[in-house]
Protein chains: 2
Amino acid sequence: MTLSLRQRRRLETARDIQKATLELAISHGLENVTTEEIAASAGVSTRTFFNYYSNKEAAAIGVPPGFREEDKDALRQGTASLASDLKLFLDRHMGRLAADEAVLRMVGSVLRSNEKARGILDGFLASERHELTECLCARVNDRQVAAALASNATNATERAISLWEQEENLSLVAALDIIWEGVMSAARLLTAASE
Amino acid sequence: MTLSLRQRRRLETARDIQKATLELAISHGLENVTTEEIAASAGVSTRTFFNYYSNKEAAAIGVPPGFREEDKDALRQGTASLASDLKLFLDRHMGRLAADEAVLRMVGSVLRSNEKARGILDGFLASERHELTECLCARVNDRQVAAALASNATNATERAISLWEQEENLSLVAALDIIWEGVMSAARLLTAASE
DNA sequence: GCATAAATTGCACACCATGCAAGGATCTGG
DNA sequence: CCAGATCCTTGCATGGTGTGCAATTTATGC
């Protein structure tokens, strides 16, 4: 086995706490739930709750999946057009997010009403954006351009998730397709008749 | 006079509290400053502090200037290329932000280290993005494309501010020029050899 | 097994944020 | 200029948040 008993238990309680947080948040609203209630519902002491997460908003968000090294490598070394390589990268990442749709939907609901939670996620997204910028520097040789592309990409992901939340019967990857189409149209509009 | 004594005083104390918050945050870090200290420094009671702002992060951010109706009208009814009309719009907005550079710099410093503050600002930016999306719908007739353009625009503003914070001797509008160049290059790269 | 490291917990404490009610300042119309 | 309405400020009480510390229990590696 690759994980020790201690490590497995740690991951397990972390998940238990997040699960308890999200369930209580969905039924009563995160603002109206105390850390004490969450801890009790997860079967740990209040003090232990704070050993895992620094506050209830962080507990609700948990640890979102980051980019995979393999995917980043593929993007850096891709030989197709930048647009299609980038789309492929986002598709893979989105596929990973889709693995936990239930959690994603609950987290989204919390984010809509809680400022603090948004801030925590925003910090996480900022570091993802930075990571992607570094990665894209291997393709474009200009940091500002790489940053613009990375912003486009992470924004597209966010908007795709938001679209998926609104529309029933629309998968995450299908939502990303729609959003990406918009991104490409916007790029064409911006370049049209300029210069 | 257009404002009553009451209204003027209200604006004034709101500014006093923000000023006190930012000054204390700069010298000690917002985390290490209590609402009690801020209130005392602003010359009001703790209770009054909370009558103006719901927490110290909101007090630090204050009320950022939103988009002007005149600028939005100009964007909706613009006849030049979309890219240049949008750039003009952003330039005007940035000029307005530049009017209070000192505050902007202090707020930026707070945002870098405070999650809750980021979340509050992010909520504000989301509503600005939404506003801009509505506005752009008058130009592009497709909501997803408008949303992509609006994201590009607000992201460019954020990155321009961040660049301005890093580089000494670079004005806000000059920073926006650099960032915008990157946005346009990115758009060209995305459209190149695709389709 | 046994020493070591890590996890859990209770407790104390400072800080945050809100409701309520009393008192003071400002505004409005006569 | 004054009386009532309205808004603003404040103190107080209260419940929730988050951290430091020390004691106890539970894995781990030798």
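Protein chains get the first letters and strands the later ones, always in sequence-line order, with residue 1 at the start of each. Reckoned from all heavy atoms, side chains included, excluding hydrogens, waters and symmetry mates.
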Would you give me the side-chain donor-acceptor pairs under 3.5 Å for residues 121-132 of chain A, sequence neighbours excluded?
residue: Ser127(A); atom: OG; partner: Phe124(A); partner atom: O; Å: 2.9
residue: Glu131(A); atom: OE2; partner: Lys72(A); partner atom: NZ; Å: 2.8

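- Within a 6.0 Å radius of CZ in Arg15(A), no more than 12 heavy atoms belonging to other residues, nucleotides or ligands are found.
- For the side chain to side chain contact (heavy atoms under 4.5 Å, CB included) test, residues two or more places apart in sequence or in another chain that qualify with Leu88(B) are Arg92(B).
- Contact of Arg9(B) with dT26(C) (side chain to base): no donor-acceptor pair of N or O atoms is detected under 3.5 Å.
- Across the protein-nucleic acid pair, Ile17(B) atom CD1 and dT9(D) atom P stand 8 Å apart, rounded to whole Å.
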Identify all side-chain donor-acceptor contacts of residues 134-144 of chain A below 3.5 Å with residues at least two apart in sequence or on another chain.
residue: Glu134(A); atom: OE2; partner: Arg143(A); partner atom: NH2; Å: 2.4
residue: Arg139(A); atom: NH1; partner: Leu75(A); partner atom: O; Å: 2.8
residue: Arg139(A); atom: NH1; partner: Gly78(A); partner atom: O; Å: 3.4
residue: Arg139(A); atom: NH1; partner: Asp85(A); partner atom: OD2; Å: 2.8
residue: Arg139(A); atom: NH2; partner: Ala80(A); partner atom: O; Å: 3.1
residue: Arg139(A); atom: NH2; partner: Asp85(A); partner atom: OD2; Å: 3.0
residue: Asp142(A); atom: OD1; partner: Gln144(A); partner atom: N; Å: 2.9

Identify all side-chain donor-acceptor contacts of residues 165-179 of chain A below 3.5 Å with residues at least two apart in sequence or on another chain.
residue: Glu165(A); atom: OE1; partner: Arg112(A); partner atom: NH2; Å: 3.4
residue: Ser171(A); atom: OG; partner: Ala174(A); partner atom: N; Å: 3.1
residue: Asp177(A); atom: OD1; partner: Lys87(A); partner atom: NZ; Å: 2.7

Nucleotide N/O of nucleotides 16-20 of chain C paired with protein N/O under 3.5 Å:
residue: dC16(C); atom: OP1; partner: Lys56(B); partner atom: NZ; Å: 3.0
residue: dC16(C); atom: OP2; partner: Thr35(B); partner atom: N; Å: 3.1
residue: dC16(C); atom: OP2; partner: Thr35(B); partner atom: OG1; Å: 3.2
residue: dA17(C); atom: OP1; partner: Lys116(B); partner atom: NZ; Å: 2.8
residue: dG19(C); atom: N7; partner: Arg47(B); partner atom: NH2; Å: 3.0
residue: dG19(C); atom: O6; partner: Arg47(B); partner atom: NE; Å: 2.7

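- Shown here are the side chain to side chain contact (heavy atoms under 4.5 Å, CB included) partners of Ala58(A), two or more places apart in sequence or in another chain: Tyr53(A), Ser54(A), Asn55(A), Ile120(A).
- Between the OG atom in Ser109(A) and the CG atom in Leu104(A) there is a gap of 11.5 Å [rounded to 0.5 Å].
- Comparing atom distances between the Tyr52(A) side chain and each of dA7(C), dT6(D), dC8(D) picks out dA7(C) as nearest.
- The nearest whole Å value for the distance from the CD atom in Gln7(B) to the P atom in dT6(D) is 16 Å.
- Residue pairs meeting the salt bridge (Lys or Arg N to Asp or Glu O under 4.0 Å) criterion with at least one member in residues 44-61 of chain A, sequence neighbours excluded, do not occur.
- Under the 4.5 Å side-chain heavy-atom criterion for grouping Ile, Leu, Val, Met, Phe, Trp and Tyr, Val33(B) is connected to Phe49(B) within one hydrophobic cluster.
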Mind listing the N/O atom pairs, protein and nucleotides 28-30 of chain C, below 3.5 Å?
none

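- Atom CZ in Arg8(A) sits about 13 Å away from atom C1' in dT28(D), given to the nearest Å.
- Over its full length, the helix from dG1(C)-dC30(D) to dG30(C)-dC1(D) turns its helical axis through 30°, comparing axes from the five pairs at each end and rounding to 10°.
- Here Phe89(B) pairs with Phe67(B) under the ring-ring contact (aromatic ring centres under 6.0 Å, His included) rule; sequence neighbours left out.
- The distance from atom CG of Asp16(A) to atom C1' of dA7(C) is 15 Å, rounded to the nearest whole Å.
- Dense packing is recorded around CD of Glu101(A), with more than 12 heavy atoms of other residues, nucleotides or ligands lying under 6.0 Å away.
- Side-chain nitrogen and oxygen atoms of Arg6(B) include none within less than 4.0 Å of the OP1 or OP2 phosphate oxygen of dC8(D).
- Within residues 38-45 of chain A, no residue is approached by DNA chain D to less than 4.0 Å at the level of any non-hydrogen atom.
- Between the side chain of Ser162(A) and the backbone N or O of Glu158(A) there is no donor-acceptor pair closer than 3.5 Å.
- When the C1' atom of dA7(C) is taken as reference, atom CG of Asn51(A) falls 8 Å away, rounded to whole Å.
- Under the side chain to side chain contact (heavy atoms under 4.5 Å, CB included) criterion, Glu36(A) pairs with Thr34(A), Thr46(A), not counting sequence neighbours.
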